[in-house]
Amino acid sequence: MTEPHIIFDRALLARRRARAAAALNAGGFGADFLLREVAADFADRLAMIKRDFPIALDLGTHTGAVADTLAAAANIGAVIRADLCPDLVTGAPRPALACDEERLPFAPGALNLVTSALSLQWVNDLPGALAQIARGLAPDGLFLAALFGTETLRELRAALTLAETQLHGGASPRVAPFIELRDMGSLLQRAGLALPVADKDLIKVAYPTMFELLRDLRAMGATNVLVERARRPVTRRFFARAAEIYAERFARADGRIEATFEIVTATGWKPHESQQKP
């Protein structure tokens, strides 16, 4: 069996999420606006499905925005909150547990609904994680996920790359590779899920400067966790130059910079004889 290519430092990701959780628990800046946007979208999608989900799993629960939405739905029973970072489930409404998306502890067929909001893009083996999710779903169980797509932070990627090239003669990876919309449906099918559907939405967020964007990413626990990231100390000069390039290339008419977040939303069902046939 071929081992997956290691792209993300998952231990570092857990530490970054713990840092974000500490700030959130202390009443700090949580920057969960994207999670709340996804939670509202999930609520709309689930409201159109006229069936009950006795046991739901919110995988990568983070601030709990999606779990809270699920718990408020009349057709959803118990909601299990799970996250890679133990600090994000400590003190959360039970049931809750710390677990890795790449090593799920659930018995086959134990779950009726699995949701995941802006978390699965950080796994090293996405096909393997999806296969485990499919295994945990009961027949006619639903998987609903949102992941960052390839357009996410394209402006920041361009500014950082050009600044590093100008100052150091080359660039190292600083923004993660994200999922292509066209790949999502085939990944769901490969995992054994039926009736796969994937769509995308572009969210544009305005900031005074690049530094406010970086503050939000830090508060999300979404800063660079790439294994091949540069290990040299990052200087003020580098960030200052990147901010200049960002403002030169991606400023709006009002002088604020724009950041793109592409949200790829996917659904798939555990096969069941009652389902519509292709």
Side-chain angles (χ1 to χ4, degrees), residues 1 4 38-39 41-62 65-84 89 95-149 179-200 263-278:
M1 183 177 179
V38 170
D41 178 63
F42 280 9
D44 290 341
R45 293 171 188 260
L46 290 168
M48 294 187 291
I49 301 172
K50 305 304 180 184
R51 58 154 297 174
D52 293 334
F53 299 99
I55 302 178
L57 169 67
D58 182 32
L59 187 58
T61 192
H62 205 58
V66 171
D68 291 342
T69 297
L70 298 179
N75 63 333
I76 296 176
V79 178
I80 304 168
R81 302 167 190 243
D83 200 275
L84 174 68
V89 291
L97 74 156
C99 72
D100 193 328
E101 292 99 332
E102 296 180 345
R103 298 177 183 84
L104 298 184
F106 300 97
L111 307 166
N112 305 105
L113 170 66
V114 176
T115 63
S116 181
L118 307 181
S119 182
L120 287 174
Q121 69 271 349
W122 307 119
V123 302
N124 287 303
D125 182 12
L126 182 55
L130 293 176
Q132 290 187 55
I133 290 168
R135 178 176 174 270
L137 282 169
D140 209 28
L142 174 63
F143 171 61
L144 172 59
L147 299 82
F148 285 131
I179 190 74
E180 289 271 7
L181 174 65
R182 63 175 179 265
D183 294 334
M184 198 65 224
S186 60
L187 285 173
L188 294 175
Q189 287 183 314
R190 177 178 169 183
L193 295 170
L195 307 176
V197 177
D199 57 72
K200 70 176 182 179
I263 309 298
V264 174
T265 304
T267 60
W269 294 83
K270 186 69 172 285
H272 187 266
E273 61 182 12
S274 67
Q275 292 170 356
Q276 175 186 348
K277 299 299 186 289

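Bear in mind that the values here come from a model prediction, so they are computed numbers and not experimental data.
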#### Entry: Chi angles and distances behind the side-chain contact (heavy atoms from CB on, under 4.5 Å) call for Leu111, Lys270
CA-CA 10 Å; Leu111 307 166; Lys270 186 69 172 285; over 6 Å; no
Can you name the closest pair of heavy atoms from [X] and [Y] and give their distance?
| X | Y | value |
| --- | --- | --- |
| Ala117 | Val38 | CB-CG1, 3.7 Å |
| Gln121 | Ala146 | OE1-O, 4.3 Å |
| Pro271 | Ala194 | CG-CB, 4.3 Å |
| Ala145 | Leu120 | CB-CD1, 4.4 Å |
| Gly149 | Val264 | CA-CG2, 3.8 Å |
| Ala39 | Thr69 | CB-OG1, 3.5 Å |

Taking [X] for the side chain and [Y] for the main chain, is one N or O donor matched with an acceptor at less than 3.5 Å?
| X | Y | result |
| --- | --- | --- |
| Asn112 | Ala56 | no |
| Thr115 | Leu144 | no |
| Glu102 | Val123 | no |

Side chains of [X] and [Y]: closer than 4.5 Å at any heavy-atom pair?
| X | Y | result |
| --- | --- | --- |
| Ser116 | Val66 | no |
| Trp269 | Leu137 | no |
| Gln132 | Val114 | no |
| Leu46 | Leu142 | yes |
| Leu70 | Phe42 | no |
| Arg135 | Leu104 | no |

### Query
Looking at residues at least two apart in the chain, or sitting in another chain, which of them share a salt bridge (Lys or Arg N to Asp or Glu O under 4.0 Å) with Asp140?
Arg51
### By salt bridge (Lys or Arg N to Asp or Glu O under 4.0 Å) - contacts of Asp100 (at least two apart)
Arg10, Arg103
### Task
Tell me, please, which residues at least two apart from Phe148 pass ring pair (Phe, Tyr, Trp, His ring centres under 6.0 Å).
Phe178
### Message
Between Val89 and Leu97, does the side-chain contact (heavy atoms from CB on, under 4.5 Å) criterion hold? Intermediate values first, please.
### Response
CA-CA 6 Å; Val89 291; Leu97 74 156; 5.8 Å; no
## Note on the structure
Residues passing the side chain to side chain donor-acceptor pair (under 3.5 Å) test with Ser119, sequence neighbours excluded, are Arg17, Glu101
### Message
Just to verify, what does Asp41 make a side chain to side chain donor-acceptor pair (under 3.5 Å) with, not counting sequence neighbours?
### Response
Arg45
### Task
Evaluate side-chain contact (heavy atoms from CB on, under 4.5 Å) for Phe106 paired with Ile80, printing each intermediate quantity in order.
CA-CA 11 Å; Phe106 300 97; Ile80 304 168; 4.1 Å; yes
### Summary
dist Leu57:CG -> Ile133:CD1 (nearest 0.5 Å) comes out at 8.0 Å
### Task
To the nearest 0.5 angstrom, please state how far the CD1 atom of Ile263 sits from the CG atom of Leu181.
12.5 Å
### Pairs meeting criterion side-chain hydrogen bond (donor to acceptor under 3.5 Å, both in side chains) with involvement of residues 184-194, two or more places apart
none
